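Below is one structure, written out as structure tokens; the observations come after it.
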There are 2 protein chains.
Amino acid sequence: MDWQALIESQPALASIPPALRLVTEHRKIKAGETLFRIGDRVQSMFCVITGEVRLIRHDQHGAQIVLQRSRGGFIAEASLGSKAYHCDAVAAEAGSVLRFPARKFRASLDEDALFRDAWISHLASEVRKLRAQCERLSLNSAAERIIHYMESEGKVGAINLNQSRKAWAAELGLTHETLYRTLRRLQDDGTLDIDGARIAIAHTVS
Amino acid sequence: MDWQALIESQPALASIPPALRLVTEHRKIKAGETLFRIGDRVQSMFCVITGEVRLIRHDQHGAQIVLQRSRGGFIAEASLGSKAYHCDAVAAEAGSVLRFPARKFRASLDEDALFRDAWISHLASEVRKLRAQCERLSLNSAAERIIHYMESEGKVGAINLNQSRKAWAAELGLTHETLYRTLRRLQDDGTLDIDGARIAIAHTVS
DNA sequence: CGTACTTTTGAATCGCATCAAATCTGGTGG
DNA sequence: CCACCAGATTTGATGCGATTCAAAAGTACG
């Protein structure tokens, strides 16, 4: 396995200790493939390299709810301490993932201080990100959620959308129609500069 | 300081190593008191013992958004790895907190394996809880959010509300009026059994 | 007893979801 | 190269439900 290339695409992997690298499998995944199902015993830890994996649950009507959408990085980190998964993991588009045996992963956390520190900061950054997400979802206008996203995710109030707007709408907890309409409105009234995938908060000339 | 009593109220404290206990301060807080402000350097780690502390941020209109509401346990865990706080911490009601020096806290994580494991599972459980919260906030009817809360927070679909309904409404991302009305409706149509602070999903006799 | 806060109900409004449909896009295979 | 298809993007019309503003009643606490 070419770890150098992997680390370039996922810097978080740099701290994976050699012993764990030896037992890591690089697996290709097809769109629609299931990595694990709710209730399965946690025997593996996954890291998305390319493509997109989603953690989903279903409500009583069968509607699917996306818990996490990952286009790179670990998924279901919180499950490492659990017996069983609490959601399904499905590939939304083809790509590849790393599969680490969970036992060895836990052992490495115990033995390797650098790896452990990296893991703790990874969890902490996940907590921060999720809190921002909750904060955003508790805003109740589409425009406020968009602006909040731009301010918290983007640098200097500008983002380069690396996903379809439809997927972005789902992340913002909006329907895609509302997102399209609101973006249009914000562009028309001069709040946003929109150029394809690049969206920026307009500078008001003072 | 009586650690035995503290541990009974907060089992998570059991893994705090002796060296860290020696430098821990047990401080009383008054309602409305500020523990730290956004931008302050992270020099302390706080654990709520009694009372209620909230992490809040303010949007551009000055409306306050609650990021975390704690009635026991660590707050702003993700800040341990940061230079500065990214929100304010304010006591919503009088109580007491433990204050740990951040440097010593970090050092203890490095030195004590049990403490470190406890901290990692604490972070992981926070991630799980926040994901559930995001999942809930992306439901767009008041009734669905209430039911989701009952199913994910309560045992066997019943909860004992340990907060005012107004505070619960804020947590659900609803206005208190909507929560009152929806609870009433769910009770009237037989979906919920409500008796003061005890709320349960009604059993439909099949 | 009075004050502050929560709980409750009412009425009006606004914005988002929903359903529908047309256009555009990228990718596949003939 | 073109036909075709699936999915994304866009626009329109409608209805519902949450917010908002308002006010009254209940409750805890000093």
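These figures come from a predicted structure and were not determined experimentally.
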Side-chain N or O of A/T175 closer than 4.0 Å to phosphate OP1/OP2 of C/dC16:
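Looking at the OP1 and OP2 atoms of C/dC16, neither is under 4.0 Å from any side-chain N or O of A/T175.
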
Consider side-chain hydrogen bond (donor to acceptor under 3.5 Å, both in side chains). Of B/R128, B/R136, B/E135, B/K129, which one does B/S152 pass it with?
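The single option meeting the side-chain hydrogen bond (donor to acceptor under 3.5 Å, both in side chains) with B/S152 is B/R136.
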
What pairs of donor and acceptor atoms, side-chain ones from residues 41-53 of chain B against any protein atom, are under 3.5 angstrom apart with sequence neighbours left out?
| residue | atom | partner | partner atom | Å |
| --- | --- | --- | --- | --- |
| B/S44 | OG | B/R99 | NH1 | 2.6 |
| B/T50 | OG1 | B/S96 | N | 3.1 |
| B/T50 | OG1 | B/S96 | OG | 3.4 |
| B/E52 | OE1 | B/R71 | NH1 | 2.7 |
| B/E52 | OE2 | B/R54 | NE | 2.7 |
| B/E52 | OE2 | B/R54 | NH2 | 3.0 |

Whole-Å distance separating the [atom1] atom of [X] from the [atom2] atom of [N]:
X	N	atom1	atom2	result
A/R185	D/dT10	CZ	C1'	16 Å
B/L137	D/dA18	CG	C1'	15 Å
A/L179	D/dT11	CG	P	13 Å
B/L174	D/dT20	CG	P	12 Å
A/L186	C/dC16	CG	P	10 Å
B/L172	D/dA18	CG	P	12 Å

Students often mix this up, so state it plainly: with edges at 30° and 60°, are the rings of A/F74 and A/W119 parallel, tilted or perpendicular?
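The rings of A/F74 and A/W119 stand perpendicular, inter-plane angle above 60°.
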
Within this structure, what is the CG-CZ distance for the pair B/D88 and B/R37, rounded to the nearest 0.5 Å?
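B/D88 CG to B/R37 CZ: 6.5 Å, rounded to 0.5 Å.
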
Please report the interatomic distance CD(B/E153) to CG(B/N160), rounded to the nearest 0.5 Å.
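Those atoms lie 13.5 Å apart.
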
With B/F115, which residues qualify under ring-ring contact (aromatic ring centres under 6.0 Å, His included), at least two apart?
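Result, ring-ring contact (aromatic ring centres under 6.0 Å, His included) vs B/F115: B/F105.
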
Going 5' to 3' through nucleotides 3-15 of chain C, assign each nucleotide B (protein heavy atom under 4.0 Å from a base atom), S (under 4.0 Å only from sugar-phosphate atoms) or - (no protein heavy atom that close).
---SBBBBB----

